[in-house]
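Throughout, numbering of the chain's residues begins at 1 and tracks the sequence. Only heavy atoms go into these numbers, but all of them, side chains included; no hydrogens, no water, no symmetry mates.
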Amino acid sequence: EISWTNESTLTISGTGPMDDYSMPSKTPWYASRNAVTKIVIENGVTSIGDYAFYGFSNLKSIKIAKSVTSLGSYSLANCDSLTSVALPSNVESIGREAFSSCEAMKSITVDSGNKSFSSDINGVLFNKDKTVLITCPRTYSGAYQIPASVSVIAEAAFSDCVNLSTVLLSDGLITIG
């Protein structure tokens, strides 16, 4: 069972997974989305549901507990003021475009003990062994050199990077989503 409280901080507590939502307006906290500046996912919550925090335009920070193992599709998409996300060690899956259209996003960092994901010094998100480039933060600017280990660039990995001037591809690249 998951419960929540909010003012400017939305706290999600309980045990088990959050519900997945078919659209943002189906979340119980939808009416408060513009007032929330901070989200705290407490220990015991095991997933962040599809569309859970989509469109929280004033969200500046999110604290994700180590108990969280998955982030749903579009779960943090369109959070225009969110500058960074730190993924804990137990996250095993990230849904489609979980961080898309986050206009202020500078970095996605991953706990070094995570067995499924990693990030580089630029805040770019990869699978653990860096063979799949998952997403580049929207505010990245200039040229980006794809690491030699990358064989797959995921769908929409660079779609929101309006200040990206050049992507330098590596020889080992096989698939561009």
Closest approach of Pro137 to Cys161 (non-hydrogen atoms, all atoms of both residues): O-SG, 3.4 Å

Side-chain donor-acceptor contact under 3.5 Å, Asp80 with Asn78: no

Hydrophobic cluster identity match, Leu164 and Leu173, side-chain contacts under 4.5 Å: yes

Check against side chain to side chain contact (heavy atoms under 4.5 Å, CB included), Lys38 and Ser61: CA-CA 5 Å; Lys38 180 180 181 180; Ser61 69; 3.4 Å; yes

Residue pair Phe126 / Ile134: nearest heavy atoms and the distance that separates them: C-CD1, 3.6 Å

N/O donor-acceptor pair under 3.5 Å between Thr131 side chain and Ser151 backbone: no

Mutual orientation of the aromatic rings belonging to Tyr144 and Tyr140 [parallel < 30°, tilted 30-60°, perpendicular > 60°]: perpendicular

Side-chain H-bond candidate by donor/acceptor type, Tyr21 with Asp50, under 3.5 Å: no

Co-membership, hydrophobic cluster, residues Ile153 and Met105, 4.5 Å side-chain: no

Which atom of Ser118 lies closest to which atom of Lys128, heavy atoms considered: OG-O, 3.4 Å

Distance-only donor-acceptor check, side chains Ser89 and Asn114, under 3.5 Å: no

Separation between OG1 of Thr135 and CD of Glu97, rounded to the nearest 0.5 Å: 8.5 Å

Distance, nearest 0.5 Å, that separates CG of Leu133 from CD1 of Ile176: 10.5 Å

Short side-chain to backbone donor-acceptor contact, Asn90 and Ser67, under 3.5 Å: no

Test log, rule side chain to side chain contact (heavy atoms under 4.5 Å, CB included), inputs Asn43 and Val68: CA-CA 8 Å; Asn43 204 34; Val68 173; over 6 Å; no

Reported CD1-to-CD1 distance for the pair Ile12 and Ile62, which is rounded to 0.5 angstrom: 8.5 Å

Taking every non-hydrogen atom, the tightest pair across Pro88 and Lys66: CB-CA, 3.9 Å

Between OH on residue Tyr51 and NZ on residue Lys26, distance to nearest 0.5 Å: 13.0 Å

Polar side-chain atom of Ser165 near backbone of Gly142 as donor-acceptor pair, under 3.5 Å: yes

Connected via hydrophobic side-chain network under 4.5 Å: Trp29 and Val45: yes

Residues that Asp120 engages under salt bridge (Lys or Arg N to Asp or Glu O under 4.0 Å), provided they are two or more places apart: none

Check: Val124 main-chain N/O paired with Asn122 side-chain donor or acceptor under 3.5 Å: no

Within 6.0 Å of CG in Leu168, more than 12 heavy atoms from elsewhere: yes

Residues Ser57 and Asn34: side-chain donor-acceptor under 3.5 angstrom: yes

Qualifying residue, where the test is side chain to side chain contact (heavy atoms under 4.5 Å, CB included) with Leu59 and the options are Leu10, Ile39, Thr37: Ile39

Donor-acceptor contact present, side-chain Ser75 to main-chain Ile48, <3.5 Å: no

Expected output: side-chain Thr69 to main-chain Thr46 donor-acceptor under 3.5 Å: yes

Lys60 side chain reached by Ser81 side chain, heavy atoms, under 4.5 Å: yes

Least distance between heavy atoms, Cys79 atom then Phe53 atom: SG-O, 3.2 Å

Candidate pair Ser84 and Lys106, rule side chain to side chain contact (heavy atoms under 4.5 Å, CB included), full reasoning: CA-CA 6 Å; Ser84 65; Lys106 293 179 183 175; 5.8 Å; no

Glu155/Arg96 ion pair, N-O < 4.0 Å: yes

Separation of Ser100 OG from Asp160 CG (nearest 0.5 Å): 6.0 Å

ILVMFWY cluster, Val150 and Val167 together (side-chain gap under 4.5 Å): yes

Any side-chain heavy-atom pair of Asn58 and Val36 under 4.5 Å: no

Path from Val152 to Phe117 over hydrophobic side-chain contacts below 4.5 Å: yes

Leu87 vs Leu125 side-chain heavy atoms within contact, under 4.5 Å: yes

Taking every non-hydrogen atom, the tightest pair across Ser149 and Lys130: OG-O, 2.7 Å

Spacing of OH belonging to Tyr54 relative to OG belonging to Ser101, to within rounding of 0.5 Å: 6.5 Å

